[in-house]
Amino acid sequence: MNQVSERLLKMLHQRSSRLQDGEPISPPLVSVAKYRLDPEPGTPFSYGREANPTVMEVEATIGALEGAVCVAFPSGMAAITGALMACAKQGDRILVPSDGYYTIRLLLEAFLAEIGLDIVTRPTAEYATIDFAGFDLIWIETPSNPVLDVCDIAVISARARAAGAKTVVDNTSATPLLQQPLDLGADMSVCSDTKAMSGHADLLFGHVASRDEDLLAKAKSWRKLSGSVAGPFEAFLVHRGLMTLEVRLERMCRTAARLADLFAQSNKVEQVRYPGLSGDPSYLLAQKQMAKPGFVIGLFFSSEAVAERFIDECALIFPSTSFGGVHTSAERRARWGDDVPPGFVRLSVGCEPEELLIAAVADTLDAL
Ligand SMILES: *Cc1c(COP(=O)(O)O)cnc(C)c1O
């Protein structure tokens with residue numbers, strides 16, 4: 001955690017510490033397609049698809065937290081596509097979690113299988129025992145979204161490397177503040193910054209981070225050639241959100257731990273998944289590789305009707321998809337086709353006053 005604190009500090013000060021007198025502390029929002037050209041090619045600033053100063057500012061900010069080079073994309077899925085294009089080639093065999101973010105599987109199955117990738121899906125909890133021989137890329141999502149199973153990034157990355165495969169970690173549910181996949185040996189880390197990184201549910205954004213020059217060059221080249229370019233206004237807002245990342249997550253994780261205890265004690269919830277509960281299957285690995293067990297809780301209610309009542313009747317829960325925002329929110333994941341029972345709810349704990357939120361949830365549970 002000390003190293004992460006240092007990276008956090010670097011992230012907060014990466015802009016302010018290098019400013020001259022009179023320069024603004026917030027990054028200038030530069031909306032531009034073309035720049036005045038040098039007579040000699042050399043400046044990265046020639047055309048907006050290649051480089052934008054506001055986007056580069058947020059890349060430097062996220063890069064400080066990752067301890068790596070960051071390449072920004074206009075959404076988490078655009079970053080995931082960039083990571084796949086950087087790491088995979090025709091004929092490659094890819095392992096992806098069957099219990100992870102469903103859109104990744106849809107993308108792989110609908111498009112990339114068609115052009116010659118061999119996709120194998122397995123649950124995150126089985127990654128520990130899968131033989132990686134014959135695989136070229138191991139796609140990891142931990143904690144997995146939505147059921148929050150955890151796998152050992154260090155062990156899996158080392159085994160993958162020994163088998164000649166690369167590893168990419170989708171770090172969206174933890175964020176690089178709570179979990180640092182590159183330190184644990186992953187080749188690339190990807191994150192949907194739409195979620196907790198920007199934190200206000202008012203934009204889409206994503207990034208990849210790596211310490212491997214070749215992979216970074218490929219990701220940048222893919223971005224430039226495909227035109228998957230993040231906008232400066234979104235970059236500006238992500239930068240702003242990042243300045244409060246740690247205080248938001250501090251509150252969200254602390255309240256989540258207390259709510260998880262409350263759910264675990266309630267007879268209205270059949271099963272609770274939270275990597276910070278000592279009886280949870282994810283507990284030991286989460287203790288080992290995460291700074292905190294996060295702000296998302298999985299709740300198994302007895303039926304769809306009870307789950308819907310829980311969401312509707314708690315005035316402090318905003319019914320919506322997505323997670324990591326300042327508002328506590330929840331949804332039934334079966335509606336999206338996740339492989340979970342109809343009564344399964346993913347709860348994302350927000351920044352509301354802790355005591356009021358806990359009291360509101362406790363009252364709702366009592367009334368169910
Ligand atoms: C939301 C999410 C994504 C996709 O991000 P977008 O910004 O919506 O494109 C990818 N992975 C995980 C784990 C997510 O939760």
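These figures come from a predicted structure and were not determined experimentally. The figures that follow rest on heavy atoms only: side chains count, while hydrogens, waters and symmetry mates do not. Residue numbers start at 1 and run along the sequence shown. Every number for a ligand or one of its atoms is a count from 1 in the order of the listing.
Scanning the protein heavy atoms around atom 4 (C) of ligand 1, the nearest turns out to be Y101 CE2, 3.4 Å. Annotation: atom 1 (C) of ligand 1 to nearest protein heavy atom, K195 NZ, 1.4 Å. Atom 9 (O) of ligand 1 has as its closest protein heavy atom M77 N, 2.8 Å. The protein heavy atom nearest to atom 13 (C) of ligand 1 is D170 OD2, 3.4 Å. If you check which protein heavy atom lies closest to atom 7 (O) of ligand 1, you get T194 OG1, 2.6 Å. Nearest non-hydrogen protein atom to atom 5 (O) of ligand 1 is S192 OG, 3.0 Å. For atom 6 (P) of ligand 1, the nearest protein heavy atom (residue, atom name, distance) is G76 N, 3.4 Å.
Only the side chain of I80 comes within contact range of ligand 1, with a heavy atom under 4.0 Å; no backbone atom does.
Each of E59, E57, E23 was checked for a salt bridge (Lys or Arg N to Asp or Glu O under 4.0 Å) with R15, and the lone residue meeting it is E57.
Taking the six-membered ring for Trp and thresholds of 30 and 60 degrees, Y102 and W336 have nearly parallel ring planes, at less than 30 degrees apart. Ring orientation note: the planes of F310 and F263 are nearly perpendicular, at an angle over 60° on the 30°/60° scale. The aromatic rings of F233 and F236 sit parallel to each other, their planes meeting at less than 30°, with 60° as the upper class boundary.
Closest approach of A307 and G343 over heavy atoms only: CB-O, 3.7 Å.
Cluster membership check: F344 does not share its hydrophobic cluster with Y101, using side-chain heavy-atom separations under 4.5 Å among Ile, Leu, Val, Met, Phe, Trp and Tyr.
Interface of F323 with ligand 1, defined as ligand atoms under 4.0 Å from a residue heavy atom, comprises 15 (O).
Distances between N or O atoms of N145 and those of ligand 1 include at least one value under 3.5 Å.
Considering CZ of F205 and NE2 of H239, their distance stands at 11.0 Å, rounded to 0.5 Å.
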